[in-house]
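Reading through the structure tokens given below for one structure.
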Amino acid sequence: MSASRSIVVHTNGPEETQAVGAAFAKSLTGGATLSLEGPLGAGKTVLVRGLCDGLGVTDAVTSPTYTLENEYATDRGTRVIHVDCFRLGGPGELEDLGIDDRRDAATVVVVEWGDRALAALPGDTIRVTLTPDPGEESRRRIAILVPAGVEIPGLGGGEES
Amino acid sequence: MILGIETSCDETSVALLNDQGEVLSNVVASQAIHELYDGVVPELASREHVQKMLPVLDRALAEADVGLDDVDAIAVTSGPGLVGSLLVGVTTAKGLALARDLPLLGVNHLEAHALSPFLEARDLEPPVLVLVVSGGHTLLVHVKALGELEVVGRTRDDAAGEAYDKVSVMLGLGYPGGPELERLAKNGDATAFDFPRSWLEPDTLDFSFSGIKTAVRVVLDRDEELRREPRSRDVAASFQAAVVEVLVTRTLAAAERLGVPSVAIAGGVAANGALRSAMETACRETRRRLVIPRLAYCGDNAAMIAHAGKLRLDRGERSDFSLDAQPNLPLGDVPNRAPSRKKRPR
Ligand SMILES: Nc1ncnc2c1ncn2[C@@H]1O[C@H](COP(=O)(O)OP(=O)(O)OP(=O)(O)O)[C@@H](O)[C@H]1O
Ligand SMILES: Nc1ncnc2c1ncn2[C@@H]1O[C@H](COP(=O)(O)OP(=O)(O)OP(=O)(O)O)[C@@H](O)[C@H]1O
Ligand SMILES: [Mg+2]
């Protein structure tokens, strides 16, 4: 069992955040759940777009706020379920979406505003927090918290905590 | 007479159209309970649809002063939307059609929005360029013929209504906040902030509204006073001016490029007065006809579903009883097209 690790990167502009998503995708295994956190316009959807790119999704990735969830097939026979809790009242309503029934080794689940429904997310959820820089409009701090016991192959440079 | 049913999102709606395509009744029950929760609750939504379906159906029949015996066909939204909500409508429609041996027509919710301008403007003829703009969608649809629709532009991130609703939340106006934000903008200075217009690449007819949402947050984070009246009025007015400018410019560019003489707006955001008047001006200047359905047919409603269903029926199309909820149904896909079947003599 490994200890929990956190990785912090800074990006300038949406392309860099997308690249972080794409790079992180390479280290993800099927069955993983990510919670994306941060204020309106932090770049959660931008990051998911990169992540989907890295996982082999060819469809356009748009905001799931209204649809509540979008499902994308990858060119590798796996899929991404992209959920948004912005309009949901809490964990109970996330459960109502029935994502747990669709979780398997070929599915990556990404949840925007996951902090609003943490109780409904699995214990091994990887939490990603995007923080805008008050002084720099296109700068973001991205902190990825990998829980203890979750192996992310090929992911170096993390700080042990 | 055709009966239409819509349950794709929060609204439970039933409408009746006569053989001339005139709306005899259009009853819309909104799920006001969601405002308490700040969100749509999927399970709750379907439960509410179940509770409301029969009373809404009864009221639609009563208002039209007809009985189920007078109904010749059933149209229902089969997608896109929330699966649980869609199922309530689809199940009801199948039950009615099966019990009464009536033709069943699955309708694409987006196609119904795009065709809603034809509901009352009887002399409107394709081709028409329709801007479908709601909480969940921002699409430019080229209606080449009543049965031939092509999406020529769409949002790459947030829908315009979604941007309105998110800025409304930032300004503490609640959700959904389109109408409140418009009210606040009325007394504001639209030139106070120069919010970005996202034009993307020169050739595209797509939209992007995530940049303006983010720009509003940045401005508000720098000065908390802007979140409150009176200064929030300027933020609202400047935000609205940017969104409207992009919607109108792109719509007119599409009409110009495709050589389409008529323009229409549909969907919940078509209720927006600033959008209406800017589009009116732009169309007058370019000598294009503009059609905006009355408010009752802009938001989600069953009259537009019955109307789109009637157009399919008139073309001899039917759905069969394998019709199911299709949460991701894209525009252009006809829900479950079955070979047409002779109508039972009555
Ligand atoms: N470094 C950056 N990383 C990500 N996005 C950035 C960055 N700099 C600027 N942006 C802009 O910020 C916006 C982020 O919007 P996005 O919709 O992805 O945010 P979000 O966190 O998903 O918001 P919401 O809470 O509404 O879902 C985009 O318009 C993007 O271009
Ligand atoms: N006056 C207005 N100004 C701006 N936006 C408005 C106005 N009135 C309504 N809206 C917006 O319209 C949207 C609601 O549209 P609609 O009733 O078509 O429902 P929807 O759930 O978005 O449907 P769809 O499934 O068609 O996307 C909301 O985002 C709301 O804020
Ligand atoms: Mg988002």
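Per chain, numbering begins at 1; letters A, B, ... match sequence-line order. The model shown is predicted, which means the values in this text are computed figures rather than measured ones.
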Between CG on residue A/L40 and CZ on residue B/R217, distance to nearest 0.5 Å
7.5 Å
By residue number, those in residues 42-52 of chain A with heavy atoms under 4.5 Å from heavy atoms of chain B are A/A42, A/R49
Using heavy atoms and a sub-4.5 Å threshold, report which of residues 120-132 of chain A line up against chain B, by residue number.
A/P132
Between CG of A/D96 and CZ of B/R47, what distance do you get to the nearest 0.5 Å?
7.5 Å
Part of B/T155 lying under 4.5 Å from any heavy atom of chain A:
backbone
How many angstroms lie between atom CG of A/L68 and atom SG of B/C9, to the nearest 0.5 angstrom?
7.5 Å
In Å and rounded to the nearest 0.5 Å, what is the CG to CG distance from A/D59 to B/N328?
10.0 Å
Per the ring-ring contact (aromatic ring centres under 6.0 Å, His included) rule, what does the pair list look like for residues 113-151 of chain A, sequence neighbours excluded?
A/F86-A/W113
Given a strict heavy-atom distance threshold of 4.5 Å, which part of B/K166 is in contact with chain A: side chain, backbone, both, or neither?
both
Side chain, backbone, both or neither: which part of B/R154 has a non-hydrogen atom closer than 4.5 Å to chain A?
neither
From OH (A/Y66) to CG (B/L82), nearest 0.5 Å:
12.0 Å
Expected list for residues 235-247 of chain B: side-chain donor-acceptor pairs under 3.5 angstrom, two or more places apart:
from: B/S238; atom 1: OG; to: B/D189; atom 2: O; distance (Å): 3.2
from: B/S238; atom 1: OG; to: B/A190; atom 2: O; distance (Å): 3.4
from: B/S238; atom 1: OG; to: B/F193; atom 2: N; distance (Å): 3.1
from: B/S238; atom 1: OG; to: B/D234; atom 2: O; distance (Å): 2.8
from: B/Q240; atom 1: OE1; to: B/Y164; atom 2: OH; distance (Å): 2.8
from: B/Q240; atom 1: OE1; to: B/N272; atom 2: ND2; distance (Å): 3.0
from: B/E245; atom 1: OE1; to: B/R197; atom 2: NE; distance (Å): 2.9
from: B/E245; atom 1: OE1; to: B/R197; atom 2: NH2; distance (Å): 3.1

For B/D158, which atoms come within 4.5 Å of any heavy atom of chain A: side chain, backbone, both, or neither?
both
Quick one: are A/S63 and B/R156 in side-chain contact, heavy atoms under 4.5 Å?
no
